[in-house]
2 protein chains.
Amino acid sequence: MKFEPSLSDRSQWSIGEGCSMTKVLNVLSTKTAFQVLRELFFGTVRFDDFVDRTESSAPAVSRALKQLETAGIVAREPYQEPGQRARDRYRLTNAGEDLLPAFLSLVQWGDKHLHDGPPPLVFEEAGRALAVQVAPADAAARTRSDDITVRRPGR
Amino acid sequence: MKFEPSLSDRSQWSIGEGCSMTKVLNVLSTKTAFQVLRELFFGTVRFDDFVDRTESSAPAVSRALKQLETAGIVAREPYQEPGQRARDRYRLTNAGEDLLPAFLSLVQWGDKHLHDGPPPLVFEEAGRALAVQVAPADAAARTRSDDITVRRPGR
DNA sequence: CGGCATCCTGTATGATACTG
DNA sequence: CAGTATCATACAGGATGCCG
């Protein structure tokens with residue numbers, strides 16, 4: 001990368017301790033947090049489902065959900081199915097939804113470079129395969145996870 | 001997200017233990033690894049500069065570089081400046097360069113949602129601001145970090 | 001079922017010290 | 001300068017148990 005004005009004095013740039021990436025990693029500080037985030041994109045809403053599907057322990061999931069809630073990525077909302085007792089369910093906030101590129105870019109990098117099992121998942125919108133790209137901001141696509149179909153190719 | 005065929009049996013999908021994101025997080029398992037990756041994108045090549053600029057300790061950087069090298073993200077190449085002794089320098093491989101969307105998406109999410117200091121950095125290519133997007137794969141932009149200019153807005 | 005407190009283990013990190 | 005080994009600490013994760 002090139003820097004303007006020139007990178008003669010790094011202290012003038014917010015690329016050291018104040019780098020946003022560092023702050024994000026303090027919020028998504030654990031593997032469990034990332035796995036819970038993945039399940040949120042996949043539509044998981046119930047606590048025990050997070051535990052099963054992340055293959056993490058209940059305490060780890062509990063901590064991760066609390067951490068994500070504090071960060072404004074997850075909202076806990078009470079709901080009640082008829083005839084059932086009240087429960088909480090977990091949903092991505094708009095800020096959480098904004099993590100879609102981060103999530104997808106990690107998945108797709110792994111699919112490309114660590115591929116060693118079943119064929120990678122294909123993410124589609126309206127029948128067209130999707131990829132994460134660095135592109136001019138004015139051509140913003142802003143695909144939301146709700147609009148994405150995940151296809152499993154035959155092996 | 002929606003799933004096709006339907007997500008009745010999760011075991012048929014590589015979204016559990018075999019999820020690529022999980023494997024990626026086993027490679028980029030530490031905060032130091034992410035910070036070193038950031039510096040690689042910013043053009044840092046020398047060991048001591050990584051130590052200074054990541055604000056991590058030398059052992060942590062050493063371990064992170066080794067981890068990234070093993071994963072094929074970093075290449076260690078010897079070089080010699082005239083009149084100087086031989087050294088090693090560290091460079092992103094093509095696989096490492098492919099992590100650009102992951103890196104940028106984290107930075108930009110932090111800039112948007114954890115913003116609390118100096119104005120966020122602007123990443124440009126040919127004078128146009130860049131953003132990470134989820135878009136149809138056939139419109140692939142494939143911007144490389146070398147083509148990106150980082151601009152620091154006045155505060 | 002949903003969720004959290006407690007305890008124990010494994011790992012990430014930094015300080016220090018040492019080598020080329 | 002460019003690392004690495006060793007050790008001590010802090011934190012993430014799982015197992016267990018308890019409570020609504």
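Protein chains get the first letters and strands the later ones, always in sequence-line order, with residue 1 at the start of each. The basis for the numbers below is simple: all heavy atoms, side chains too, and nothing from hydrogens, waters or symmetry mates.
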Kindly say if B:Arg76 contacts the phosphate of D:dG3, meaning a side-chain N or O under 4.0 Å from OP1 or OP2. yes
Euclidean distance, atom CZ of residue B:Phe47 to atom C1' of D:dG3 [Å, nearest integer]: 5 Å
Interatomic distance where CD belongs to A:Glu55 and P belongs to D:dG13 [whole Å]: 14 Å
Taken in chain and number order and not counting sequence neighbours, the residues that satisfy side chain to side chain contact (heavy atoms under 4.5 Å, CB included) with A:Asn26 are A:Thr22, B:Lys31
Please enumerate all residues that pass side chain to side chain contact (heavy atoms under 4.5 Å, CB included) together with B:Thr93, with sequence neighbours excluded. B:Ala75, B:Ala95
Set of side-chain hydrogen bond (donor to acceptor under 3.5 Å, both in side chains) partners for B:Thr44, sequence neighbours left out: B:Glu39, B:Arg53
Can you list the residues that meet the side-chain hydrogen bond (donor to acceptor under 3.5 Å, both in side chains) rule with A:Ser57, with sequence neighbours excluded? none
Test salt bridge (Lys or Arg N to Asp or Glu O under 4.0 Å) applied to [X] - qualifying residues, sequence neighbours left out:
X	result
B:Arg151	A:Glu4, B:Glu124
B:Glu77	B:Arg89, B:Arg91
B:Lys112	A:Asp98

Under a 4.0 Å heavy-atom criterion, DNA chain C is touched by chain B from C:dA12 to C:dG20
In degrees, rounded to 10°, what is the bend between the two ends of the helix from C:dC1-D:dG20 to C:dG20-D:dC1, using five pairs at each? 30°
With a 3.5 Å cut-off and sequence neighbours excluded, list the donor-acceptor pairs that the side chains of residues 58-65 of chain B form with protein atoms.
none

Just jot down the ring-ring contact (aromatic ring centres under 6.0 Å, His included) partners of B:Phe3, sequence neighbours excluded, or say none. A:Phe42, B:Trp13
Nearest-nucleotide wise, let me know which of B:Asp49 and A:Ser56 is further upstream toward the 5' end of DNA chain D. B:Asp49
Under-3.5 Å N/O pairs linking protein and nucleotides 5-12 of chain D:
none

Taking side-chain contact (heavy atoms from CB on, under 4.5 Å) as the criterion, tell me which of B:Leu99, B:Val150, B:Asp146, B:Ile148 meets it with B:Phe41. B:Leu99
Quick one: which of B:Leu121, B:Leu100, B:Asp147 gives a side-chain contact (heavy atoms from CB on, under 4.5 Å) with A:Met1? B:Leu100
Classify B:Tyr90 by what it touches in the nucleic acid, base, sugar-phosphate, or nothing, heavy-atom distance under 4.0 Å. sugar-phosphate
